[in-house]
Amino acid sequence: MAETRGRWCVPCLASLEILQELCRVEKLTCPALGIDKRNLEEYEVEYLCGYKKVKSKEYYLVKWKGWPESTNTWEPRKNLRCVGLVKQYHDDRSKFLEKVKAAKRLKLNNCKDYKSAVEEYIIRKSKQRLALKRWEEELNRKKNHRGKILVENEVDFEPPPMDFHYINQYKPSRGINLNSDPLVGCECLNCLEEKCCPEEAGATFAYNARRQLKIAPGKPIFECNSCCSCGSQCPNRVVQNGTLYDLCIFRTSDGRGWGIKTLQNIKKNCFVMEYVGEVITSEEAERRGKYYDSKGITYLFDLDYVEDEYTVDAARFGNISHFVNHSCDPNLQVYNVFIDSLDTRFPRIALFSTRSIKAGEELTFDYQMKGSGDVSITETSEVNSPPKRQPRMECKCGSLSCRGYMN
(Lines give C-alpha, C1' and ligand atoms only; values in the text may rest on other atoms or scores of the structure.)
Protein backbone atom coordinates (compact mmCIF):
# COMPACT_ATOMS: atom_id res chain seq x y z
CA MET A 1 0.00 0.00 0.00
CA ALA A 2 2.84 2.41 0.89
CA GLU A 3 4.53 1.76 -2.45
CA THR A 4 1.41 2.66 -4.44
CA ARG A 5 0.94 5.90 -2.52
CA GLY A 6 4.58 6.91 -2.71
CA ARG A 7 6.73 8.36 0.04
CA TRP A 8 5.23 10.35 2.88
CA CYS A 9 7.06 13.56 3.78
CA VAL A 10 6.59 15.22 7.16
CA PRO A 11 8.33 18.53 7.93
CA CYS A 12 10.57 18.45 11.00
CA LEU A 13 10.44 21.46 13.31
CA ALA A 14 13.77 20.62 14.96
CA SER A 15 16.89 22.32 13.64
CA LEU A 16 19.79 20.41 12.10
CA GLU A 17 21.90 21.13 15.18
CA ILE A 18 19.30 19.66 17.55
CA LEU A 19 18.99 16.50 15.46
CA GLN A 20 22.79 16.15 15.36
CA GLU A 21 22.90 16.52 19.15
CA LEU A 22 20.35 13.73 19.52
CA CYS A 23 22.38 11.48 17.23
CA ARG A 24 25.60 12.03 19.20
CA VAL A 25 23.91 11.59 22.58
CA GLU A 26 22.38 8.29 21.44
CA LYS A 27 25.52 7.40 19.38
CA LEU A 28 23.48 7.00 16.21
CA THR A 29 24.71 7.59 12.67
CA CYS A 30 22.60 9.33 10.03
CA PRO A 31 24.04 10.20 6.60
CA ALA A 32 21.16 12.61 5.91
CA LEU A 33 22.22 14.65 8.96
CA GLY A 34 25.91 14.40 8.14
CA ILE A 35 26.65 12.10 11.11
CA ASP A 36 28.66 8.98 10.30
CA LYS A 37 31.14 6.79 12.18
CA ARG A 38 34.05 9.04 11.25
CA ASN A 39 32.61 12.25 12.73
CA LEU A 40 30.38 10.78 15.44
CA GLU A 41 32.99 11.85 17.98
CA GLU A 42 34.08 14.97 16.10
CA TYR A 43 34.30 18.27 17.98
CA GLU A 44 33.95 21.74 16.42
CA VAL A 45 33.57 24.99 18.36
CA GLU A 46 30.10 26.47 17.90
CA TYR A 47 30.49 29.43 20.26
CA LEU A 48 32.27 30.47 23.46
CA CYS A 49 30.10 31.02 26.53
CA GLY A 50 32.51 31.55 29.42
CA TYR A 51 35.94 32.93 30.31
CA LYS A 52 38.29 32.63 33.27
CA LYS A 53 41.92 32.93 34.25
CA VAL A 54 43.72 30.29 36.28
CA LYS A 55 47.28 31.11 37.30
CA SER A 56 47.52 33.70 34.51
CA LYS A 57 46.33 31.18 31.91
CA GLU A 58 43.19 31.94 29.89
CA TYR A 59 40.38 29.39 29.59
CA TYR A 60 37.15 29.51 27.57
CA LEU A 61 33.96 27.53 28.10
CA VAL A 62 33.23 25.93 24.71
CA LYS A 63 29.84 24.95 23.27
CA TRP A 64 30.59 22.17 20.78
CA LYS A 65 28.66 22.14 17.50
CA GLY A 66 26.24 19.23 17.30
CA TRP A 67 26.67 18.38 21.00
CA PRO A 68 24.30 19.21 23.89
CA GLU A 69 25.25 21.95 26.39
CA SER A 70 25.87 19.30 29.03
CA THR A 71 29.07 18.43 27.13
CA ASN A 72 30.50 21.98 27.29
CA THR A 73 34.12 22.00 28.43
CA TRP A 74 36.71 24.51 29.58
CA GLU A 75 39.58 24.70 27.09
CA PRO A 76 42.88 26.60 27.33
CA ARG A 77 43.25 29.48 24.87
CA LYS A 78 46.25 27.84 23.21
CA ASN A 79 44.08 24.90 22.11
CA LEU A 80 41.54 27.11 20.33
CA ARG A 81 42.11 28.05 16.70
CA CYS A 82 38.80 29.91 16.31
CA VAL A 83 40.22 33.45 16.31
CA GLY A 84 36.96 34.93 15.04
CA LEU A 85 34.89 33.38 17.83
CA VAL A 86 37.37 34.55 20.48
CA LYS A 87 37.11 38.10 19.11
CA GLN A 88 33.31 37.82 18.97
CA TYR A 89 33.22 36.73 22.62
CA HIS A 90 35.21 39.75 23.80
CA ASP A 91 33.23 42.09 21.53
CA ASP A 92 30.03 40.84 23.14
CA ARG A 93 31.51 41.39 26.61
CA SER A 94 32.43 44.96 25.70
CA LYS A 95 28.97 45.67 24.27
CA PHE A 96 27.34 44.32 27.42
CA LEU A 97 29.53 46.57 29.56
CA GLU A 98 28.50 49.56 27.45
CA LYS A 99 24.82 48.65 27.87
CA VAL A 100 25.27 48.30 31.63
CA LYS A 101 26.93 51.70 31.93
CA ALA A 102 24.24 53.32 29.79
CA ALA A 103 21.31 51.69 31.62
CA LYS A 104 22.85 51.76 35.11
CA ARG A 105 20.89 48.64 35.97
CA LEU A 106 23.71 46.58 37.41
CA LYS A 107 26.24 47.39 40.12
CA LEU A 108 29.64 46.61 38.67
CA ASN A 109 31.12 45.97 42.11
CA ASN A 110 28.94 42.89 42.46
CA CYS A 111 31.30 40.50 40.65
CA LYS A 112 29.10 37.42 40.94
CA ASP A 113 26.01 39.10 39.49
CA TYR A 114 28.07 40.81 36.81
CA LYS A 115 29.74 37.56 35.71
CA SER A 116 26.41 35.75 35.59
CA ALA A 117 24.79 38.57 33.61
CA VAL A 118 27.68 38.68 31.15
CA GLU A 119 27.51 34.95 30.51
CA GLU A 120 23.74 35.04 30.05
CA TYR A 121 24.04 37.93 27.59
CA ILE A 122 26.79 36.24 25.56
CA ILE A 123 24.95 32.91 25.39
CA ARG A 124 21.71 34.60 24.27
CA LYS A 125 23.56 36.62 21.62
CA SER A 126 25.40 33.53 20.40
CA LYS A 127 22.20 31.51 20.07
CA GLN A 128 20.47 34.43 18.37
CA ARG A 129 23.38 34.84 15.97
CA LEU A 130 23.14 31.16 15.01
CA ALA A 131 19.38 31.42 14.48
CA LEU A 132 19.78 34.52 12.30
CA LYS A 133 22.52 32.80 10.31
CA ARG A 134 20.27 29.80 9.65
CA TRP A 135 17.49 32.16 8.57
CA GLU A 136 19.90 34.04 6.30
CA GLU A 137 20.94 30.77 4.65
CA GLU A 138 17.28 29.79 4.19
CA LEU A 139 16.44 33.13 2.55
CA ASN A 140 19.36 32.82 0.15
CA ARG A 141 18.33 29.28 -0.78
CA LYS A 142 14.80 30.40 -1.59
CA LYS A 143 15.47 33.66 -3.43
CA ASN A 144 15.78 33.55 -7.21
CA HIS A 145 17.58 36.85 -7.78
CA ARG A 146 21.30 37.62 -8.04
CA GLY A 147 21.69 39.90 -5.03
CA LYS A 148 22.58 38.32 -1.69
CA ILE A 149 20.53 38.71 1.50
CA LEU A 150 22.28 39.29 4.84
CA VAL A 151 20.68 39.43 8.30
CA GLU A 152 21.98 41.23 11.38
CA ASN A 153 20.70 42.29 14.79
CA GLU A 154 23.05 44.28 16.97
CA VAL A 155 20.21 45.95 18.88
CA ASP A 156 18.23 43.37 20.87
CA PHE A 157 17.47 39.66 21.15
CA GLU A 158 14.66 39.58 18.55
CA PRO A 159 14.80 36.21 16.69
CA PRO A 160 13.81 35.59 13.06
CA PRO A 161 10.06 35.95 12.43
CA MET A 162 8.39 32.61 13.04
CA ASP A 163 5.48 32.85 10.61
CA PHE A 164 7.05 34.42 7.52
CA HIS A 165 7.52 32.41 4.33
CA TYR A 166 9.79 33.72 1.58
CA ILE A 167 8.34 33.68 -1.94
CA ASN A 168 9.58 35.16 -5.20
CA GLN A 169 6.30 35.95 -6.95
CA TYR A 170 2.63 36.52 -6.27
CA LYS A 171 0.87 33.65 -4.51
CA PRO A 172 -2.79 33.61 -5.59
CA SER A 173 -5.28 32.60 -2.94
CA ARG A 174 -7.96 30.04 -3.71
CA GLY A 175 -10.25 31.02 -6.58
CA ILE A 176 -7.90 33.64 -8.07
CA ASN A 177 -6.30 32.94 -11.44
CA LEU A 178 -3.23 34.96 -12.35
CA ASN A 179 -3.10 34.49 -16.09
CA SER A 180 0.57 34.84 -17.01
CA ASP A 181 0.52 33.66 -20.63
CA PRO A 182 1.28 36.54 -23.00
CA LEU A 183 -0.68 36.59 -26.25
CA VAL A 184 1.99 38.26 -28.35
CA GLY A 185 5.58 39.47 -28.12
CA CYS A 186 7.85 41.84 -30.01
CA GLU A 187 10.24 40.85 -32.80
CA CYS A 188 12.60 43.78 -32.31
CA LEU A 189 16.28 43.60 -33.16
CA ASN A 190 16.83 46.66 -30.94
CA CYS A 191 13.99 47.29 -28.49
CA LEU A 192 15.31 50.76 -27.65
CA GLU A 193 15.02 51.99 -31.21
CA GLU A 194 12.03 50.08 -32.58
CA LYS A 195 8.33 50.04 -31.79
CA CYS A 196 8.41 47.67 -28.84
CA CYS A 197 5.95 46.29 -26.25
CA PRO A 198 5.34 49.59 -24.39
CA GLU A 199 4.40 51.46 -27.57
CA GLU A 200 2.13 48.59 -28.65
CA ALA A 201 0.35 48.94 -25.28
CA GLY A 202 -0.02 52.70 -25.76
CA ALA A 203 2.62 53.55 -23.16
CA THR A 204 6.09 55.11 -23.11
CA PHE A 205 9.28 53.03 -23.16
CA ALA A 206 10.23 53.16 -19.48
CA TYR A 207 14.03 52.74 -19.54
CA ASN A 208 17.12 54.26 -21.03
CA ALA A 209 20.11 52.30 -22.38
CA ARG A 210 21.45 51.89 -18.79
CA ARG A 211 18.14 50.33 -17.65
CA GLN A 212 17.27 53.38 -15.56
CA LEU A 213 13.75 54.82 -15.42
CA LYS A 214 12.90 57.80 -17.56
CA ILE A 215 9.15 58.01 -16.83
CA ALA A 216 7.33 59.87 -14.06
CA PRO A 217 5.71 58.20 -11.03
CA GLY A 218 2.20 56.98 -11.78
CA LYS A 219 3.08 55.88 -15.33
CA PRO A 220 2.93 52.11 -16.01
CA ILE A 221 5.90 50.02 -17.12
CA PHE A 222 5.45 47.47 -19.91
CA GLU A 223 8.42 45.10 -20.22
CA CYS A 224 9.19 42.54 -22.92
CA ASN A 225 7.70 39.13 -22.19
CA SER A 226 8.39 35.44 -22.76
CA CYS A 227 7.01 35.59 -26.30
CA CYS A 228 9.40 38.35 -27.36
CA SER A 229 12.36 37.48 -29.58
CA CYS A 230 14.83 39.60 -27.57
CA GLY A 231 17.12 37.99 -24.98
CA SER A 232 17.60 38.41 -21.24
CA GLN A 233 20.01 41.34 -21.77
CA CYS A 234 17.32 43.41 -23.48
CA PRO A 235 17.16 46.90 -21.91
CA ASN A 236 13.41 46.39 -21.54
CA ARG A 237 13.87 43.43 -19.18
CA VAL A 238 14.60 44.92 -15.77
CA VAL A 239 12.09 43.99 -13.07
CA GLN A 240 11.84 40.41 -14.37
CA ASN A 241 15.60 39.95 -13.86
CA GLY A 242 15.20 40.47 -10.11
CA THR A 243 17.17 42.33 -7.46
CA LEU A 244 20.80 42.88 -8.42
CA TYR A 245 21.95 44.45 -5.15
CA ASP A 246 23.15 42.82 -1.93
CA LEU A 247 20.68 43.84 0.79
CA CYS A 248 20.62 43.43 4.56
CA ILE A 249 17.69 42.83 6.89
CA PHE A 250 18.68 44.64 10.08
CA ARG A 251 17.16 45.54 13.42
CA THR A 252 16.64 49.29 13.75
CA SER A 253 17.84 51.02 16.93
CA ASP A 254 14.98 53.54 17.14
CA GLY A 255 12.02 51.24 17.71
CA ARG A 256 10.97 50.71 14.07
CA GLY A 257 11.53 46.95 14.15
CA TRP A 258 13.26 45.29 11.20
CA GLY A 259 14.41 47.36 8.24
CA ILE A 260 16.32 46.97 4.97
CA LYS A 261 19.61 48.61 4.04
CA THR A 262 21.65 48.33 0.88
CA LEU A 263 25.19 46.99 0.97
CA GLN A 264 26.02 48.52 -2.40
CA ASN A 265 25.71 51.97 -3.97
CA ILE A 266 22.50 52.38 -5.97
CA LYS A 267 22.15 54.98 -8.71
CA LYS A 268 19.06 57.13 -9.18
CA ASN A 269 16.08 55.61 -11.06
CA CYS A 270 17.32 52.02 -10.72
CA PHE A 271 15.15 48.98 -9.95
CA VAL A 272 15.75 47.80 -6.38
CA MET A 273 13.14 45.16 -5.49
CA GLU A 274 9.64 43.87 -6.17
CA TYR A 275 6.80 43.83 -3.63
CA VAL A 276 5.21 40.37 -3.57
CA GLY A 277 2.78 38.52 -1.35
CA GLU A 278 -0.48 36.59 -1.38
CA VAL A 279 -3.07 37.98 -3.81
CA ILE A 280 -6.51 38.13 -2.19
CA THR A 281 -9.85 39.79 -2.95
CA SER A 282 -10.69 43.16 -1.46
CA GLU A 283 -13.43 41.51 0.58
CA GLU A 284 -10.92 39.05 2.05
CA ALA A 285 -8.57 41.96 2.69
CA GLU A 286 -11.26 43.67 4.75
CA ARG A 287 -11.79 40.49 6.76
CA ARG A 288 -8.09 39.89 7.34
CA GLY A 289 -7.53 43.56 8.05
CA LYS A 290 -9.82 43.42 11.10
CA TYR A 291 -7.93 40.41 12.45
CA TYR A 292 -4.54 41.98 11.70
CA ASP A 293 -5.63 45.20 13.38
CA SER A 294 -6.34 43.29 16.58
CA LYS A 295 -2.90 41.67 16.41
CA GLY A 296 -1.08 44.81 15.28
CA ILE A 297 0.50 43.30 12.15
CA THR A 298 -0.69 43.73 8.59
CA TYR A 299 0.82 44.31 5.19
CA LEU A 300 -2.02 44.98 2.76
CA PHE A 301 -1.16 46.56 -0.60
CA ASP A 302 -4.14 47.52 -2.78
CA LEU A 303 -3.84 46.72 -6.49
CA ASP A 304 -5.94 49.63 -7.70
CA TYR A 305 -4.21 50.55 -10.95
CA VAL A 306 -7.63 50.57 -12.68
CA GLU A 307 -10.05 48.88 -10.31
CA ASP A 308 -9.88 48.07 -6.62
CA GLU A 309 -10.68 44.34 -6.75
CA TYR A 310 -7.56 42.74 -5.32
CA THR A 311 -4.95 43.24 -2.63
CA VAL A 312 -1.47 41.88 -1.98
CA ASP A 313 -1.11 40.54 1.56
CA ALA A 314 2.57 40.16 2.52
CA ALA A 315 1.98 39.40 6.20
CA ARG A 316 2.90 35.70 5.95
CA PHE A 317 4.10 35.28 2.38
CA GLY A 318 6.50 37.79 0.88
CA ASN A 319 10.05 38.65 -0.06
CA ILE A 320 12.62 41.09 1.30
CA SER A 321 10.30 44.05 0.63
CA HIS A 322 8.22 42.80 3.58
CA PHE A 323 10.75 44.52 5.87
CA VAL A 324 11.00 47.94 4.15
CA ASN A 325 10.05 50.75 6.54
CA HIS A 326 8.14 53.98 5.94
CA SER A 327 9.69 57.41 5.50
CA CYS A 328 8.18 60.80 4.74
CA ASP A 329 11.33 61.44 2.69
CA PRO A 330 11.79 58.05 1.00
CA ASN A 331 14.45 56.87 -1.40
CA LEU A 332 12.16 54.35 -3.17
CA GLN A 333 9.10 54.89 -5.37
CA VAL A 334 6.40 52.43 -6.41
CA TYR A 335 5.58 51.64 -10.05
CA ASN A 336 3.04 49.30 -11.69
CA VAL A 337 4.70 46.78 -14.01
CA PHE A 338 3.21 44.50 -16.69
CA ILE A 339 5.28 41.69 -18.19
CA ASP A 340 3.72 38.33 -19.11
CA SER A 341 0.26 39.42 -18.01
CA LEU A 342 -1.49 42.54 -19.28
CA ASP A 343 -4.39 42.05 -16.86
CA THR A 344 -4.70 45.51 -15.28
CA ARG A 345 -6.19 43.94 -12.15
CA PHE A 346 -2.84 42.31 -11.32
CA PRO A 347 0.06 44.71 -11.90
CA ARG A 348 3.41 43.71 -10.47
CA ILE A 349 4.68 46.22 -7.91
CA ALA A 350 8.26 47.42 -8.34
CA LEU A 351 10.31 49.74 -6.14
CA PHE A 352 12.80 52.07 -7.88
CA SER A 353 15.35 54.44 -6.35
CA THR A 354 14.32 58.11 -6.34
CA ARG A 355 17.91 59.31 -5.84
CA SER A 356 21.43 57.98 -5.44
CA ILE A 357 21.64 55.72 -2.38
CA LYS A 358 24.91 55.01 -0.60
CA ALA A 359 25.96 51.60 0.71
CA GLY A 360 24.78 51.21 4.31
CA GLU A 361 21.76 53.49 3.85
CA GLU A 362 18.31 52.26 4.83
CA LEU A 363 15.78 51.73 2.05
CA THR A 364 12.34 53.26 2.60
CA PHE A 365 9.21 54.29 0.77
CA ASP A 366 6.28 56.52 1.67
CA TYR A 367 3.28 54.43 2.66
CA GLN A 368 1.08 57.28 1.36
CA MET A 369 3.20 57.38 -1.82
CA LYS A 370 2.75 61.02 -2.68
CA GLY A 371 3.34 61.58 -6.38
CA SER A 372 2.24 58.10 -7.44
CA GLY A 373 -1.52 58.14 -7.11
CA ASP A 374 -1.97 54.68 -8.61
CA VAL A 375 -1.29 52.21 -5.80
CA SER A 376 -2.10 52.41 -2.12
CA ILE A 377 -0.67 50.49 0.79
CA THR A 378 -2.09 49.78 4.21
CA GLU A 379 0.43 48.32 6.62
CA THR A 380 0.30 48.06 10.36
CA SER A 381 2.56 46.69 13.04
CA GLU A 382 4.24 48.02 16.11
CA VAL A 383 6.35 50.14 13.79
CA ASN A 384 4.26 50.71 10.65
CA SER A 385 1.25 52.75 9.57
CA PRO A 386 -2.27 51.82 10.73
CA PRO A 387 -5.09 50.65 8.49
CA LYS A 388 -7.81 52.82 7.05
CA ARG A 389 -10.18 54.43 9.54
CA GLN A 390 -7.76 53.90 12.40
CA PRO A 391 -6.45 56.57 14.81
CA ARG A 392 -3.41 58.39 13.52
CA MET A 393 -0.07 56.82 14.32
CA GLU A 394 3.06 58.77 15.10
CA CYS A 395 5.79 58.59 12.47
CA LYS A 396 9.33 57.73 13.58
CA CYS A 397 11.14 58.26 10.28
CA GLY A 398 13.12 61.22 11.65
CA SER A 399 13.37 63.04 8.31
CA LEU A 400 13.35 66.85 8.11
CA SER A 401 10.13 66.69 6.10
CA CYS A 402 8.39 64.30 8.52
CA ARG A 403 4.63 64.87 8.55
CA GLY A 404 4.40 63.63 12.11
CA TYR A 405 2.06 60.79 11.22
CA MET A 406 2.29 57.82 8.89
CA ASN A 407 -1.39 57.82 7.92
* **Y47 side chain to Q88 side chain, donor-acceptor N/O pair below 3.5 angstrom** => no

* Looking at F365 versus H326, is the centre-to-centre ring distance below 6.0 Å? -> no

* Polar side chain donor-acceptor pair, D302 to T311, under 3.5 angstrom -> yes

* Asked: Would Y166 and E138 count as having a side-chain donor-acceptor pair, cut-off 3.5 Å?
  -> no

* **Residues E46 and R129 bridged, charged N to O under 4.0 Å** => no

* Quick one: are the ring centres of Y43 and W64 less than 6.0 Å apart? -> yes

* Structure fact -> All heavy atoms of T364 vs all of D329, minimum pair found to be OG1-O, 4.4 Å

* To do: Kindly state whether the ring of F301 and the ring of Y275 have centres lying under 6.0 angstrom apart.
  => yes

* Asked: Which pair of heavy atoms, one from P347 and one from Y170, lies closest together, and at what distance?
  -> O-OH, 2.7 Å

* Asked: Using a distance-only test with no angle check, is there a side-chain donor-acceptor pair under 3.5 angstrom linking T73 and E75?
  -> yes

* Structure fact -> For K396 and R256 the tightest heavy-atom approach is O-CD, 3.5 Å

* Structure fact -> For T204 and P198 the tightest heavy-atom approach is O-CB, 3.7 Å

* Structure fact -> All heavy atoms of Y310 vs all of S282, minimum pair found to be N-OG, 3.5 Å

* Asked: How close do C328 and R403 get, heavy atom to heavy atom, and via which atoms?
  -> SG-N, 3.4 Å

* Answer yes or no for R124 and F157: cation-pi contact, defined as NZ/CZ to six-membered ring centre under 6.0 Å and angle to ring axis within 45°. => yes

* To do: Identify whether NZ of Lys or CZ of Arg in K171 sits under 6.0 Å from the centre of the six-membered ring of F317 and within 45° of that ring's axis.
  => yes

* W258 ring center within less than 6.0 Å of F250 ring center -> no

* Verify the distance criterion only: is there a donor paired with an acceptor across the side chains of E274 and N319 at less than 3.5 Å? => no

* Name of the residue among E362, E152, E361 meeting salt bridge (charged side-chain N to carboxylate O under 4.0 Å, His left out) with K261 -> E152

* So, do Y60 and H90 have ring centers that fall under 6.0 Å from each other? -> yes

* **Parallel, tilted or perpendicular: rings of F352 and Y335 (30°, 60°)** => perpendicular

